[in-house]
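Presented below is the structure to which this report refers.
Every chain is numbered from 1, with letters handed out A, B, ... down the list of sequences.
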There are 2 protein chains.
Amino acid sequence: MQMDERKRKILRAIVQDYIATAEPIGSRTIARKFDLGVSSATIRNEMADLEELGFIEQPYTSAGRIPSDAGYRYFVDCLMDPQELNAEEMEIIERESSKRINELQEVIAHTGKLLSELTNLTSLVLGPHKGKSTFGKMHFLPYQPGQVIMVIVKENGAVENHILDVGENLSAEELQHVAEVFNQKMRGYSISQVKRSMLHEIYSELSRQRLLIDNAMDMLRAILDGKEEDERIHLGGTLNMLNQPEFKDLAKVKTLFKVFEDNEPLKKLLTPRQEGLNVTIGGENTLKEFRDCSLISATYKVNGLTIGAVGVLGPTRMDYAKVIAIVDFMTRSMTEILTRHRR
Amino acid sequence: MQMDERKRKILRAIVQDYIATAEPIGSRTIARKFDLGVSSATIRNEMADLEELGFIEQPYTSAGRIPSDAGYRYFVDCLMDPQELNAEEMEIIERESSKRINELQEVIAHTGKLLSELTNLTSLVLGPHKGKSTFGKMHFLPYQPGQVIMVIVKENGAVENHILDVGENLSAEELQHVAEVFNQKMRGYSISQVKRSMLHEIYSELSRQRLLIDNAMDMLRAILDGKEEDERIHLGGTLNMLNQPEFKDLAKVKTLFKVFEDNEPLKKLLTPRQEGLNVTIGGENTLKEFRDCSLISATYKVNGLTIGAVGVLGPTRMDYAKVIAIVDFMTRSMTEILTRHRR
DNA sequence: TGTTAGCACTCTACCTCGATGAGTGCTAAC
DNA sequence: GTTAGCACTCATCGAGGTAGAGTGCTAACA
């Protein structure tokens, strides 16, 4: 059996109607709502074929049909009209994007919020992976008596500061000297590459400031090698899930939200298998808790480098055309903002 | 009519049983479960009195009784046995607290997590209010060509860094000079106190670095006068609410979670009317969405100064004795950690 | 006067049962 | 190949009926 034009039309009608109403749809209703020029009986026959092909299924005998995962997949790949964002959505995004936003963190938070508002679904944003980064430069600044501010510039340009105990009071010159030695020895190395010999060299050059050096090394280890706290998933609009009729069951909500609480699986989910847009439908999902959900995700870049991803999670029954358009537009716009801003 | 010892015993029994089971309790059950030495009929009479006094109520005719808000209040104020934490809980807190935690933010996040885990309820933690802070000191450090790192030390000791455009390349000496002028003129002033005349002075002393100065002032304004983003409510264990039988209704969950999404009301709720421990029961709550909830909150201090608060939110039917013990212990422990660590 | 046993009554939760209606598959006619 | 008709299926919904827990009241008892 093959898909022909009429089957395609009927499948499209089923998917579109089910997306809109969340109710199983029967042959008679299709015949009434969509003007296909054939009777319900004919549609009935075609629907039997579509079921055999695996594109639609019955929740129970003598209920209407609903699209299967394969049906949605076929719809997304072959039937869907690519959608433009409407004027209002465009305007919202334009307006929001024109706000002055300084930090990457803010861009991320902002994007998530916007995404969930526009789609009425849950948004996921994966920040840039700090990962194991390498040492760029360090400065020491005076702070309280017995403490200094250590400013670390990583080689990727990120800047962090931390407060260190130094025991005794060190002069500005001494501090600068220590920083210079660090900078000379360590530039471009990740913390795991710092050999014992390197440390010995630093120690021997700086005999006096041992406590400062030890504390600084501890901190560097923590910063460069530590948990990648920035690479957290930012969730937005998780509540929107509650508005979906498929989650009127509390048990389902609970299992879903439980997954939301744990970042690791979400991180994995969003870490893109490939650049650009990805659509994962229902059971295609690796997380069994999401087997009733679909994920539309896309990567964003800074300076041509893919550094993170955003996604929208919703029930399998979602408005794919619209969500895909929004996610696509948002990642493009993010890439543009980040590239413009950070040169 | 007056409360006598027997009425108190019966009320305590009702509250304790309802806290444990979430089911209305009848006279016969009380007589069976609690050995009060009187028959169910007597208890029945006493319960009628307790109802008249407003301490208990019937959900519907010929159901058992449940405590009213006033009943819980009486229980908390007069009937409850103050509870010690058990060994296991003590150990958990000890163990968790001994972990090396550097930043205030981490302490806050950590506390929230622990609180919600120990109570199986939702935890709220209010961080320190940054508020409008005053200028302490500033440094400039070289960064990329045409950009510098501005490090701000506020007078309360908080350190932040930001990246500024400076247009042209400025030498280290120039940067230092600019910073010195700022430091001299502005130390101890809040941004709103920076008068036009002060700015003129700075300008006249530093004729060349106008762009840097403008950008720095913009940034200072944003940092010192800006939104108090740190004073965010940190929520933990919101999911725990779903396990409470009183929230098996999805509509209730939705309104509750909607409040969780908005920080402002929560902030107000937690901003303490008085130092130390606070118990707000059911309808005593100002937020109508929380009229079925109780909040146990307490303040914590750094160096004798109250800087924030933590709270536990649960259904009105909660284990007050235990939750109060936990919240009390946690804020004490927090105060100790913060004071120890920050000297 | 306080306590208790007994009893009629009330009300919810739960179950069953039948009606309803949407939808299907099959068959036969067009 | 298409359509009309028909018997059949199954979820949903409301009605009715029952069980059980609990109450208030009354009368007897110490």
Side-chain angles (χ1 to χ4, degrees), chain A residues 1-11 13-15 17-18 20-68 71 245-246 248-249, chain B residues 1-11 13-15 17-18 20-68 71 245-246 248-249:
Chain A
M1 201 184 328
Q2 284 264 326
M3 289 295 280
D4 55 24
E5 194 48 40
R6 195 168 65 188
K7 281 193 179 56
R8 268 192 281 274
K9 267 190 185 154
I10 292 174
L11 179 56
I14 293 173
V15 173
D17 191 84
Y18 187 67
T21 65
E23 296 292 329
I25 182 170
S27 53
R28 222 179 96 79
T29 318
I30 293 179
R32 236 185 308 131
K33 274 201 192 176
F34 300 83
D35 194 21
L36 298 182
V38 290
S39 79
S40 69
T42 308
I43 293 173
R44 207 142 54 229
N45 289 331
E46 296 286 43
M47 281 168 89
D49 291 351
L50 284 171
E51 183 157 13
E52 202 176 325
L53 285 164
F55 290 141
I56 57 178
E57 51 197 22
Q58 270 181 302
Y60 50 86
T61 327
S62 84
R65 306 301 215 293
I66 62 176
S68 66
E246 22 273 279
K248 63 182 193 300
D249 177 20
Chain B
M1 202 184 326
Q2 285 264 327
M3 288 295 280
D4 55 25
E5 195 47 41
R6 195 168 65 188
K7 282 194 179 55
R8 269 194 280 275
K9 268 191 185 155
I10 291 174
L11 179 56
I14 294 172
V15 174
D17 191 84
Y18 187 67
T21 66
E23 295 292 329
I25 182 169
S27 53
R28 223 180 94 79
T29 317
I30 293 179
R32 235 185 308 131
K33 274 199 189 176
F34 299 82
D35 194 21
L36 299 181
V38 290
S39 79
S40 69
T42 309
I43 293 172
R44 207 143 54 230
N45 290 331
E46 296 286 42
M47 281 168 87
D49 292 352
L50 285 171
E51 181 157 15
E52 202 175 324
L53 285 165
F55 290 141
I56 57 177
E57 51 197 22
Q58 270 181 301
Y60 50 86
T61 327
S62 83
R65 306 299 216 295
I66 62 176
S68 67
E246 23 274 280
K248 63 183 193 301
D249 178 19

statement: salt bridge (charged side-chain N to carboxylate O under 4.0 Å, His left out) test vs B/Arg65 passes for just one of B/Glu57, B/Glu52, B/Glu51, namely B/Glu51
message: Tell me which nucleotide, if any, is Watson-Crick or G-U wobble paired with C/dT27 when both distances must be under 3.5 Å.
response: D/dA4
query: Does the A/Ser40 side chain pair with the main chain of A/Ala31, one donor and one acceptor, at a distance under 3.5 Å?
result: no
message: If I take atom CD in residue A/Glu52 and atom P in nucleotide C/dT24, what distance separates them, rounded to the nearest angstrom?
response: 16 Å
statement: The nucleotide from D/dT23, C/dT24, C/dG23 with an atom nearest the side chain of A/Thr29 is C/dG23
field: Rounded interatomic separation in angstrom, taking CG from B/Asp49 and P from C/dT3
entry: 11 Å
message: What does the B/S/- profile of nucleotides 1-8 of chain D look like, 5' to 3', with a 4.0 Å heavy-atom cutoff to protein?
response: -SBBB---
task: Could you state the atom-to-atom distance from NZ of B/Lys7 to P of C/dG2 in whole Å?
output: 10 Å
message: So B/Arg28, base contact, sugar-phosphate only, or nothing? Heavy-atom distance under 4.0 Å.
response: nothing
message: Can you confirm whether A/Asp4 is buried at CG, in the sense that more than 12 heavy atoms of other residues, nucleotides or ligands lie under 6.0 Å from that atom?
response: yes
field: Nearest-Å distance for atom pair CD1/C1', residues A/Ile66 and C/dG23
entry: 14 Å
- prompt: Can you find a side chain N or O atom of A/Arg65 that sits less than 4.0 Å from OP1 or OP2 on C/dG25?
  reply: yes
- prompt: Taking atom CD1 of A/Ile30 and atom CD of A/Glu46, what is their separation to the nearest 0.5 Å?
  reply: 10.5 Å
message: Using Watson-Crick or G-U wobble geometry with both distances under 3.5 Å, which nucleotide pairs with C/dC14?
response: D/dG17
task: Measure the distance from NZ on B/Lys33 to P on D/dG22 and round it to the nearest whole Å.
output: 10 Å
- line: Separation of D/dC25 atom P from B/Met47 atom CE, nearest Å, is 15 Å
Neighbour count above 12 (heavy atom, 6.0 Å) for B/Lys9 NZ: no
Spacing of A/Ile25 atom CD1 relative to C/dT24 atom C1', expressed in whole Å: 15 Å
- request: Quick one: pull up CG in A/Leu50 and CZ in A/Arg6 and give me the separation to the nearest 0.5 Å.
  value: 10.5 Å
field: CG on B/Asp17 to CD on B/Glu23, rounded to 0.5 Å
entry: 9.5 Å
- request: Can you tell me the distance, in whole Å, between the OH atom of A/Tyr60 and the P atom of C/dG21?
  value: 15 Å
